[in-house]
Amino acid sequence: MSTAGTGEPPGQEHLSALPTTRGIMLPRWKVLYVVTPKAACTSLLSMFAELQREPREAFRASLAPEVTRALAIHDFSCWQHTRTLRQLTEPEWRQIRDDPGWFVFCVTRHPLARLWSAWQSKLLLREPYYARRYAARPWFPRIPHRLDEVVEDFESFVDALQHETGLLDGNSHWRPQTTLLRPDAFPYRHIGKVEELQNTVDLLGDHLKRQGWTEPLTPPRENATPIPLPLAQLSRRVIQTVERLYARDLALLAYSPTPLPALPVPGAPCPGQCTDLLLRAARMITERNERLADVLALARGRRPAVETSGHQHRR
C-alpha cells in the first residue's frame with residue numbers, strides 16, 4: 001500500500017480513513033464507540049467507564065478545565081483500561097473493519113437541538129475554556145437575565161456561524177456531525193439518535209450479552225442544560241438558517257427540518273411556571289463557571305480575566 005498523498009506516516013494510512021472526532025475501543029466487548037459532542041456523549045462515556053471498570057478516582061484527579069466531575073470523563077488521559085480510536089494500529093483497524101461481530105456505532109442529534117445545547121453549555125454558561133477563547137467576540141452572550149435576551153444572543157451566534165470565517169468548523173461541539181463522523185465512508189454497524197437513545201442502548205445491551213456481560217445497561221443522564229429548546233420559541237428565520245448550515249447533517253443522518261414545537265424534549269417544563277427559575281439556575285451555573293475560570297487562571301500563573309458582563313456595546 002502506497003503512502004503517497006495520504007499525509008500519514010508509513011503504516012498509519014488508516015488514520016486518514018477514521019472519523020475526525022474521538023472514540024474508544026473495547027476489544028473485550030468488541031465495541032467501538034465514536035463520540036459525537038453534545039449527543040449524549042457524557043452519558044455514554046460514563047456508562048462505558050463503568051463497563052471497563054475505570055477507577056473513578058482517576059477522573060477526580062483530572063487537571064482538565066472541566067466544570068463538573070461528570071465532564072472529567074472527557075479527559076482521555078485518565079482512562080487506564082481503554083484505548084482511543086486514534087491509537088488503533090493498521091492490523092487492529094483491519095480486524096475491526098472486517099469482523100461483523102464488532103458493534104461499531106455512534107449517536108447523532110437533531111442539528112438545531114445540538115447547536116442550542118452546545119451554545120448554552122459552552123458559551124451562555126461560560127465554561128472557562130470557551131469564555132477565555134471567545135469572550136471578546138461581539139456575539140458572546142450576556143449573563144442570562146431575560147429569556148428574550150437569551151434568544152437574541154443565540155440568534156447572534158447563528159448569524160456569526162454564517163459570516164465569521166472558520167467559526168462553524170472551529171469547535172467540535174458545533175461542527176457538523178457529518179464532518180466529525182464521516183458516516184458516508186466509515187463502516188458503522190449502527191448510527192443511533194439521541195431522540196431514540198433507548199433503541200441504541202437495547203442494541204448495545206444485546207451485543208454485550210453475547211460477549212458475556214450480565215449486568216443492566218443504563219446510561220446516566222449527564223450534562224443536561226437548564227433552558228429547554230422549546231422555551232426559546234426561536235424565529236423561523238433562525239431555524240431555517242441552522243437547517244441551511246447543517247443541511248448535510250439533516251440529509252445524511254435522516255433528520256427532517258422539523259418545526260420547532262415538534263422537536264422531542266421529554267419533560268419540557270411549562271414556560272409560564274418555570275422561566276424565571278431556569279434563568280436563575282443558568283445564572284448560578286454561570287457564576288460558578290466564572291469563579292472556576294479565576295481559580296484555573298491563578299493556578300496557571302495568570303491573572304483572572306476582566307469581568308465579562310456581556311457585550312452591551314453591540315446592542
Side-chain angles (χ1 to χ4, degrees), residues 18-26 29-52 54 70-71 73-74 76 79 82-86 88 96-97 102-122 171-209 211 213 216-225 228-229 242 246 248-256 258 262-267:
L18 298 181
T20 62
T21 183
R22 289 178 166 182
I24 56 173
M25 178 181 64
L26 290 65
W29 307 108
K30 303 187 82 168
V31 169
L32 195 159
Y33 166 52
V34 180
V35 173
T36 308
K38 303 310 296 180
C41 59
T42 304
S43 299
L44 289 168
L45 286 173
S46 296
M47 182 182 71
F48 282 125
E50 292 294 330
L51 183 68
Q52 290 288 90
E54 294 286 351
L71 287 174
I73 204 76
H74 294 280
F76 282 86
W79 290 69
T82 310
R83 295 171 63 208
T84 63
L85 178 63
R86 291 267 155 187
L88 282 172
I96 293 171
R97 183 194 62 189
W102 273 75
F103 192 76
V104 180
F105 83 106
C106 64
V107 174
T108 65
R109 189 174 185 179
H110 191 285
L112 179 59
R114 177 173 175 259
L115 183 63
W116 173 260
S117 178
W119 173 82
Q120 185 176 167
S121 68
K122 304 304 178 185
N171 188 274
S172 63
H173 291 84
W174 53 77
R175 189 176 302 146
Q177 294 166 89
T178 46
T179 301
L180 294 168
L181 300 170
R182 296 180 173 176
D184 53 342
F186 192 71
Y188 293 102
R189 310 289 194 262
H190 172 72
I191 297 178
K193 295 183 176 182
V194 166
E195 297 82 0
E196 302 166 359
L197 186 59
Q198 191 56 50
N199 177 55
T200 296
V201 173
D202 290 344
L203 291 173
L204 176 61
D206 290 342
H207 170 82
L208 290 173
K209 287 178 183 177
Q211 312 306 317
W213 179 258
L217 195 66
T218 305
R221 190 166 188 267
E222 303 281 15
N223 200 27
T225 47
L229 178 56
V242 173
Y246 295 91
R248 195 162 183 264
D249 282 6
L250 289 168
L252 290 185
L253 302 177
Y255 281 103
S256 299
T258 311
L263 287 173
V265 180

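Start at 1 with the first residue, then count along the sequence.
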Query raised in the report: Looking only at heavy atoms, what is the nearest atom pair of Pro183 and Tyr188, with distance?
Result: CA-CE1, 3.9 Å
Query raised in the report: If every non-hydrogen atom of Ile73 is compared with every non-hydrogen atom of Ala49, which pair is closest and at what distance?
Result: CD1-CB, 3.7 Å
Do [X] and [Y] come within less than 4.5 Å of each other through their side chains, counting heavy atoms only?
X: Arg109; Y: Ser117; value: yes
X: His190; Y: Asn199; value: yes
X: Thr21; Y: Ser172; value: no
X: Thr84; Y: Trp79; value: no
X: Lys122; Y: Asn171; value: no
X: Phe76; Y: Ile24; value: yes
X: Arg248; Y: Asp184; value: yes
X: Phe48; Y: Leu204; value: yes

For [Y], is there any backbone N or O sitting under 3.5 Å from a side-chain donor or acceptor partner on [X]?
X: Tyr246; Y: Leu112; result: no
X: Trp174; Y: Arg114; result: no
X: Arg97; Y: Pro187; result: no
X: His110; Y: Ser256; result: yes
X: Arg182; Y: Leu18; result: yes

N/O donor-acceptor pairs under 3.5 Å from side chains in residues 30-37, not counting sequence neighbours:
| residue | atom | partner | partner atom | Å |
| --- | --- | --- | --- | --- |
| Lys30 | NZ | Asp99 | OD2 | 2.8 |
| Thr36 | OG1 | Val107 | O | 2.8 |

Requested in this report: Would you tell me whether Gln177 and Thr108 have side-chain atoms, one donor and one acceptor, within less than 3.5 Å of each other?
Outcome: no
Query raised in the report: If you measure from OG1 on Thr42 to NE2 on His74, what distance do you get to the nearest 0.5 Å?
Result: 2.5 Å
